[in-house]
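As structure tokens, the structure follows; a few thoughts come after it.
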Amino acid sequence: TPATYRALDEQKVAEVRSTGACTPYEKEFTRKDGSRIPVLIGGTLFEGSQEQGVAFVLDLTERRQAEAERVARKNADTANAAKSTFLANMSHELRSPLNTLLGFAHLMERQPALPHEAKEDLAIILRSGEHLRMLINQVLDLAKIEAGRTVINETDFDLHAMLEELEEMFAF
């Protein structure tokens with residue numbers, strides 16, 4: 001028994017001597033290798049005896065591990081729900097100003113007096129904005145897939161065209 005439990009043990013022995021039984025209590029035993037085992041201990045004296053009785057020692061290791069796993073699973077579920085809520089809110093907060101920017105860029109694109117260089121710059125803004133919108137939608141789609149609220153529909157795409165588009169966006 002570790003020294004930290006000696007006072008509790010003495011209290012429980014006194015309880016058995018005065019009342020004939022002790023309420024079950026938790027403590028730890030130390031193994032030879034130094035590891036500790038959580039246990040539940042209780043006992044009672046035989047009727048009419050002050051020295052003989054029966055006691056039990058229940059190893060709580062599996063129960064503690066199961067409780068720790070339950071708590072970890074609950075924390076992981078809570079964190080996952082918070083992440084999903086965050087992603088949904090952030091995608092909305094990002095999409096709203098992005099849609100405004102893209103809308104104004106489309107309006108500017110229609111102006112006939114716009115110089116050629118400005119039209120090229122505007123085209124880059126529009127491509128980058130559409131790419132950003134696609135990324136935001138994909139993050140939201142992943143959150144929905146993870147939550148089991150959507151189905152994955154596989155589609156083919158042109159990897160070279162996508163890489164060229166990315167290269168054009170980041171060239172500046």
Side-chain angles (χ1 to χ4, degrees), residues 1-102 128-159 162-163 165-166 169-170:
T1 296
T4 55
Y5 292 100
R6 290 207 177 109
L8 179 60
D9 283 346
E10 289 173 9
Q11 176 188 346
K12 292 298 183 174
V13 168
E15 184 181 338
V16 168
R17 290 208 168 117
S18 67
T19 66
C22 77
T23 54
Y25 66 104
E26 291 185 21
K27 65 179 270 183
E28 292 179 332
F29 285 133
T30 305
R31 292 185 174 147
K32 287 180 183 178
D33 66 4
S35 63
R36 291 188 173 195
I37 306 167
V39 294
L40 179 68
I41 296 179
T44 186
L45 292 174
F46 292 134
E47 191 173 322
S49 174
Q50 283 295 311
E51 298 297 323
Q52 295 182 345
V54 66
F56 69 88
V57 178
L58 178 65
D59 184 344
L60 298 176
T61 304
E62 288 181 17
R63 184 182 293 176
R64 294 264 175 93
Q65 287 173 344
E67 177 63 17
E69 289 170 7
R70 186 191 67 76
V71 168
R73 195 171 19 260
K74 181 181 176 189
N75 290 342
D77 290 344
T78 300
N80 194 37
K83 179 195 68 172
S84 296
T85 301
F86 173 78
L87 287 174
N89 290 337
M90 282 309 297
S91 67
H92 173 74
E93 294 299 323
L94 291 171
R95 271 194 269 187
S96 295
L98 179 60
N99 287 334
T100 302
L101 291 170
L102 289 173
S128 297
E130 290 299 335
H131 182 74
L132 183 57
R133 184 185 353 215
M134 181 185 70
L135 290 175
I136 293 168
N137 287 338
Q138 287 174 350
V139 167
L140 188 57
D141 288 344
L142 285 173
K144 287 179 184 177
I145 290 168
E146 193 176 61
R149 290 184 284 165
T150 192
V151 178
I152 297 175
N153 295 316
E154 295 182 20
T155 59
D156 294 331
F157 68 97
D158 186 345
L159 178 63
M162 184 188 81
L163 292 175
E165 186 177 308
L166 283 171
M169 280 192 295
F170 292 110

Side-chain contact, heavy-atom cut-off 4.5 Å: Asn137 with Arg95? yes

query = Going by heavy atoms in the side chains, are Phe29 and Ile41 under 4.5 Å from each other?
reply = yes

Tested for side chain to side chain contact (heavy atoms under 4.5 Å, CB included) against Glu130, the lone hit among Leu102, Leu98, Leu135 is Leu102

In this structure, CZ of Arg6 is separated from CG of Leu8 (nearest 0.5 Å) by 12.5 Å

When every non-hydrogen atom of Pro38 is compared with those of Asp59, the smallest separation belongs to O-OD1, 3.6 Å

dist Ser35:OG -> Glu28:CD (nearest 0.5 Å) comes out at 10.0 Å

Nearest heavy-atom approach of Leu94 to Pro97 is O-CD, 3.4 Å

What I'd like to find out is whether the side chain of Leu166 reaches to under 4.5 Å of the side chain of His131, using heavy atoms alone.
yes

Closest heavy-atom pair, Leu40 versus Pro24, reported as atoms and distance to 0.1 Å, is CD1-CB, 4.0 Å

Does Asp33 have more than 12 heavy atoms from other residues, nucleotides or ligands lying within 6.0 Å of its CG? yes

Fill in: Check: Thr44 side chain, Val54 main-chain N or O, donor-acceptor pair, under 3.5 Å
no

Worksheet item: Any side-chain heavy-atom pair from Asn99 and Arg133 closer than 4.5 angstrom?
Response: yes

Within the 4.5 Å heavy-atom criterion, are Thr23 and Lys12 side-chain neighbours or not? yes

Arg36 and Pro2 have their tightest heavy-atom pair at NH2-CB, 3.4 Å

Is it the case that over 12 heavy atoms from other parts of the model lie below 6.0 angstrom from the CZ atom of Phe56? yes

Salt bridge (Lys or Arg N to Asp or Glu O under 4.0 Å) pairs touching residues 78-91, sequence neighbours excluded, are Lys83-Glu146

Across all chains, not counting sequence neighbours, the salt bridge (charged side-chain N to carboxylate O under 4.0 Å, His left out) partners of Arg70 are Glu67

Please determine whether a side-chain nitrogen of the Lys or Arg among Glu26 and Arg63 lies less than 4.0 Å from a carboxylate oxygen of the Asp or Glu. no

| request: Would you check if the side chain of Gln52 reaches a backbone N or O of Phe46 as a donor-acceptor pair within less than 3.5 Å? | output: no

Counting only N and O atoms by type, is there a donor-acceptor contact under 3.5 Å from the side chain of Thr19 to the main-chain atoms of Val16? no

Practice problem: For the residue pair Leu159 and Met162, establish whether any side-chain heavy-atom pair is separated by less than 4.5 Å. | Solution: yes

| task | Spell out, as yes or no, whether a donor-acceptor pair under 3.5 Å connects the side chain of Ser18 to the backbone of Ala14. | result | yes

